[in-house]
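What follows is a single structure, written as structure tokens, with notes after it.
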Amino acid sequence: MPITLAGHQYGKAENRVVRIRRDRARHEIRDVNVTTTLRGDFADAYLTGDQSKVLPTDTQKNTCYAYAGEKGLDAIEDYGLALARHFVDDVAPVSGARVEIEEYAWQRVEVDGAGHDHTWVRAGAEVRTAAVVVEGEGEQQRSWVVGGVKELVVLKSTGSEFSGFLVDGYTTLQPTRDRVMATSLVANWRFTGTDVDWDATYTGIRAVLLREFATVHSLALQQTLWHMGRAVLAEFPRVAEIRLVAPNKHHLPVDLSPFGLDNHGEVFHADDRPYGLIQAVVARDDDPGAPQAWAFGAGRA
Ligand SMILES: O=c1[nH]c(=O)c2[nH]c(=O)[nH]c2[nH]1
């Protein structure tokens with residue numbers, strides 16, 4: 001019975017790196033979670049137990065910390081590119097590297113109307129993300145950068161309806177012209193290149209996603225996602241494609257009539273599960289696509 005090792009990759013997941021610039025009165029903080037994944041000439045480690053080509057995952061962890069110290073840690077996309085290029089360029093058996101980063105934002109504590117120099121409070125629930133892939137050597141080398149945000153939790157208390165849907169013998173849902181719509185958005189956008197003002201683009205895309213969620217009168221979460229994705233592509237020429245995943249966090253009006261009360265559409269049960277899961281990929285017509293950019297590791301989709 002012929003059996004082959006059909007695929008492999010390995011790396012260090014979730015290196016928690018905090019870089020604080022303390023060489024000035026006003027400190028700066030960057031707080032990230034980094035996952036490295038290497039592909040290459042590593043089959044022997046699986047097939048015969050020969051480790052001679054294996055760069056230990058412990059070394060990969062050390063490299064994440066060393067690069068934060070040596071090269072600094074500013075935009076996570078740049079940090080990811082530097083790490084991925086290092087593994088591919090400087091470690092012989094590595095033919096491809098993928099670096100995934102989550103960033104936790106901190107906001108300066110306000111004291112007497114001013115942001116404190118060295119004290120922060122965690123900002124927002126959402127997490128900025130980046131996934132960088134570098135493959136190949138020299139002239140043949142190619143890179144892909146996917147920026148993103150996850151756990152961007154939003155809710156609108158009107159301006160959303162859901163009606164006119166297909167009805168069959170199992171349908172019980174009543175159409176509504178006015179409902180609460182809420183989601184915990186995951187958005188990932190693939191850049192056309194690496195010459196990008198990463199921080200400004202992140203701030204801009206986040207703002208466009210929120211603006212569209214707020215201002216589109218929604219006939220369905222599907223339509224809202226389409227408007228969000230289309231607006232990002234229209235306003236950010238360096239984005240080739242955006243992928244959106246939105247759990248529909250249902251808010252169900254509670255029947256208060258047993259208590260002799262009218263609800264007036266104001267009291268809801270925030271349902272935990274099940275939830276609708278609505279997804280969209282919005283891309284430019286002339287974009288050839290890049291499946292290499294999307295192979296997420298670290299057990300995450
Ligand atoms: O925005 C929605 N899209 C759906 O596909 C759907 N299905 C459902 O039951 N509620 C909703 N809401």
Side-chain angles (χ1 to χ4, degrees), residues 124-129 146-190 202-236 239-259 261-285 287 289 291 294 296 299-301:
E126 80 257 26
V127 176
R128 176 174 167 180
T129 61
V146 174
V149 63
K150 64 180 191 176
E151 295 165 37
L152 186 63
V153 181
V154 283
L155 178 152
K156 62 193 293 181
S157 53
T158 190
S160 164
E161 50 184 280
F162 189 66
S163 64
F165 44 81
L166 187 70
V167 172
D168 72 6
Y170 298 107
T171 304
T172 57
L173 186 72
Q174 294 300 304
T176 175
R177 296 278 180 200
D178 185 9
R179 66 173 181 173
V180 169
M181 188 165 78
T183 189
S184 174
L185 186 73
V186 182
N188 286 291
W189 47 88
R190 178 170 56 82
Y202 174 78
T203 306
I205 291 177
R206 180 183 178 281
V208 167
L209 294 170
L210 294 178
R211 182 196 72 206
E212 293 296 301
F213 183 81
T215 58
V216 170
H217 179 90
S218 179
L219 301 178
L221 193 44
Q222 286 91 328
Q223 185 210 21
T224 296
L225 292 192
W226 162 244
H227 279 265
M228 287 172 143
R230 193 178 59 170
V232 168
L233 291 196
E235 293 175 45
F236 295 88
V239 174
E241 173 188 3
I242 180 166
R243 299 187 174 193
L244 300 154
V245 179
N248 191 353
K249 294 171 82 73
H250 304 296
H251 285 66
L252 308 175
V254 177
D255 178 10
L256 298 181
S257 62
F259 321 118
L261 299 170
D262 279 335
N263 189 329
H264 305 299
E266 293 191 341
V267 179
F268 300 88
H269 165 64
D271 210 23
D272 177 21
R273 63 192 79 172
Y275 47 89
L277 188 61
I278 315 299
Q279 311 190 37
V281 178
V282 184
R284 297 185 191 282
D285 284 349
D287 182 75
W294 295 103
F296 284 82
R300 281 192 287 272

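Both counts, for ligands and for their atoms, begin at 1 and track the order of listing.
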Tightest non-hydrogen contact, residues Ala187 and Leu209, listed as CB-CD1, 3.9 Å
When rounded to the nearest 0.5 Å, the distance separating CG of Asn248 from CE of Met181 is 7.5 Å
Query raised in the report: CG of Asp168: more than 12 outside heavy atoms within 6.0 angstrom?
Result: yes
Is Tyr275 atom OH crowded by more than 12 heavy atoms from other residues, nucleotides or ligands, each under 6.0 Å away? no
Sorted by chain and number, sequence neighbours left out, side-chain hydrogen bond (donor to acceptor under 3.5 Å, both in side chains) with Thr172 holds for none
Residues with a heavy atom under 4.0 Å from ligand 1, by chain and number, are Phe162, Leu173, Arg179, Ala220, Leu221, Gln222, Asn248
**Message:** Taking Arg243 first and then Glu241, would you say they form a salt bridge - that is, a charged N and a carboxylate O separated by under 4.0 Å?
**Reply:** yes
